[in-house]
There are 2 protein chains.
Amino acid sequence: MTNPLIQKLERRDVLSDEERKVLDQSIAQVKELGADEDIVADGQRITFSTLVLSGWTVRYKIMGDGRRQITAFHIAGDFVDLHSFTLKRMDHGVAALTPCKIAIVPHENLRQITERFPHLTRLLWLSTVIDAAVHREWIIGMGQRSAHGRVGHLFCELYLRLQAVGLAADHRFTFPITQEELADALGFSTVHTNRALRKLRQLDLATVKGQQVTIDNWEGLVREAEFDPAYLHLEYEPR
Amino acid sequence: MTNPLIQKLERRDVLSDEERKVLDQSIAQVKELGADEDIVADGQRITFSTLVLSGWTVRYKIMGDGRRQITAFHIAGDFVDLHSFTLKRMDHGVAALTPCKIAIVPHENLRQITERFPHLTRLLWLSTVIDAAVHREWIIGMGQRSAHGRVGHLFCELYLRLQAVGLAADHRFTFPITQEELADALGFSTVHTNRALRKLRQLDLATVKGQQVTIDNWEGLVREAEFDPAYLHLEYEPR
DNA sequence: CGAGGTCTTGAAGACGATCAACAAACGTGG
DNA sequence: CCACGTTTGTTGATCGTCTTCAAGACCTCG
């Protein structure tokens, strides 16, 4: 199996053989996790970062009253907490949503990449910067988009991200997320989330059936959700 | 005047004389801007980044119907669009809210820093990663906090950020933002924003008078807004 | 001093939360 | 393979939050 991070980076720039090798060698350990297992705890001081090889994970924060806000979904190729390399301490938790395979990359190995491989460093930096761009898009959605627009926007985003690592095609993808988890990401109640999904169905834009999302009308959904893929920065560029 | 970026970075790690010098020399030009002037346009291909030396700026996105979502406020020492160094293309606009003094840092100079100064590179990377942490906290607020909690949280954040560059003390700071702009950042109507401010006043937590914010009860506001400064990563650490 | 921008308040209506009940799907043990 | 319990999804009803529209007060700066 090819390292999905390499696949993701090569979508945006050329990697040399040496860079690919360094990335692969930076992995100290591969682990398997069960669904709902914690990967990193909020507030934890940390000396390694975690790369998702397969499965879905989330970043989240628990509020005083027990409510949860999910701030990001992560899939194969995503470095869930690469930011902890410079931050040193987590400001949120990370958990597996589904059974996952993850790679542990010690911060020391990342530090050596920054010392010796400037171009690769810029690409890793790019990954965290794209994460931030996705965060901004979520802020925009939460501030300005309708409920069903928010769900639709997320579906568009996930479809393109999954497609970039070969996990989606034909406007369909596996979505192993309960409505409760989706609600925690959108900042809605589960009831309202359910109604937003119903609205997307009624508008013939997207359908969720089991763990399968089908985008029935991509153009229409893009229009309704005001989705502009620019923020995912999927273009090939020298960085 | 000392470069406020250096002040901000030195709050988090040691800079060598050489690193300070390199940062100062990376500035190609200093410009003065009037209030409401655009700094960078959404979608623009860009070859330099902008550092705020004084004044307030915002990142924002305009929706199809003309509504605006502000995704970040920036003050002295903030690199408004350092992320464009790796992204190459803007996915939002940046504008001056007040008259500003800004420094232009060509991407070529940043590239050379990544080639020759790994530690300084990590600190610049850190800046973008803290931006992302702030974005996440905004997502959490928009998803879970009450209206006045959201405003209060923003006040706590801005107070600490301003304090870190010597622009606030005694739980007061200058806040040159209209309620309309504040509303665009919170994702509220101006009317509701006004009522959230009134509630903070009624709870004796914070008061806005003219362009001055006074936090009347820091402990109380921190509790009410569930503010935990950890996400600002203001600690001193070797990075 | 007057005019435009900003702030404040009231009232009506839309949107989203909560509570409650039931249906459907899933998984586990018999 | 079926039965049963548990989790997840769906819908209705009621209530609170936030938006919109509208009007008046307060600045501030030419």
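As a basis for the values below, the full set of heavy atoms in this structure was taken, side chains included, without hydrogen atoms, waters or symmetry mates. Letters A, B, ... mirror the listed sequences (proteins, then strands); counts begin at 1. Being a predicted model, the structure only gives us computed values, none of them experimental.
- In this structure, R150(A) satisfies the cation-pi test against F188(A), with its NZ or CZ atom closer than 6.0 Å to the six-membered ring centre and inside 45 degrees of the ring normal.
- Between Q144(B) and the options R68(A), K61(A), R67(A), a side chain to side chain donor-acceptor pair (under 3.5 Å) holds for only R67(A).
- When the P atom of dT10(D) is taken as reference, atom NZ of K199(A) falls 17 Å away, rounded to whole Å.
- A side chain to side chain donor-acceptor pair (under 3.5 Å) with R59(A) is found for one member of D131(A), T71(A), D81(A) and no other, namely D131(A).
- Summarising the geometry, the separation between CZ on R67(B) and C1' on dC18(D) is reported as 11 Å, rounded to the nearest angstrom.
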* Structure fact -> In 5'-to-3' order, the base (B), backbone-only (S) or no-contact (-) status of each nucleotide in nucleotides 2-11 of chain C, using a 4.0 angstrom heavy-atom cut-off, is ----SSBBBB
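- Taking atom CG of L186(B) as the reference point, atom P of dT17(D) lies 17 Å away to the nearest angstrom.
- Atom CD of Q144(B) and atom P of dG16(C) are 15 Å apart (whole Å).
- Here F155(A) and F175(A) bring their ring centres to under 6.0 angstrom of each other.
- Rounding to whole angstrom units, NE2 of residue H192(A) and P of dG9(D) are separated by 17 Å.
- The salt bridge (charged side-chain N to carboxylate O under 4.0 Å, His left out) test applied to R145(A) returns E137(A), not counting sequence neighbours.
- When every heavy atom of R172(B) is checked against every heavy atom of A168(B), the shortest pair comes out as O-CB, 3.6 Å.
- At whole-Å resolution of the value, CD in Q202(A) and C1' in dT11(D) are 12 Å apart.
- Atom NZ of K209(A) is separated from atom P of dA24(C) by 12 Å (rounded to the nearest Å).
- Atom CD of Q211(B) is separated from atom P of dC27(D) by 14 Å (rounded to the nearest Å).
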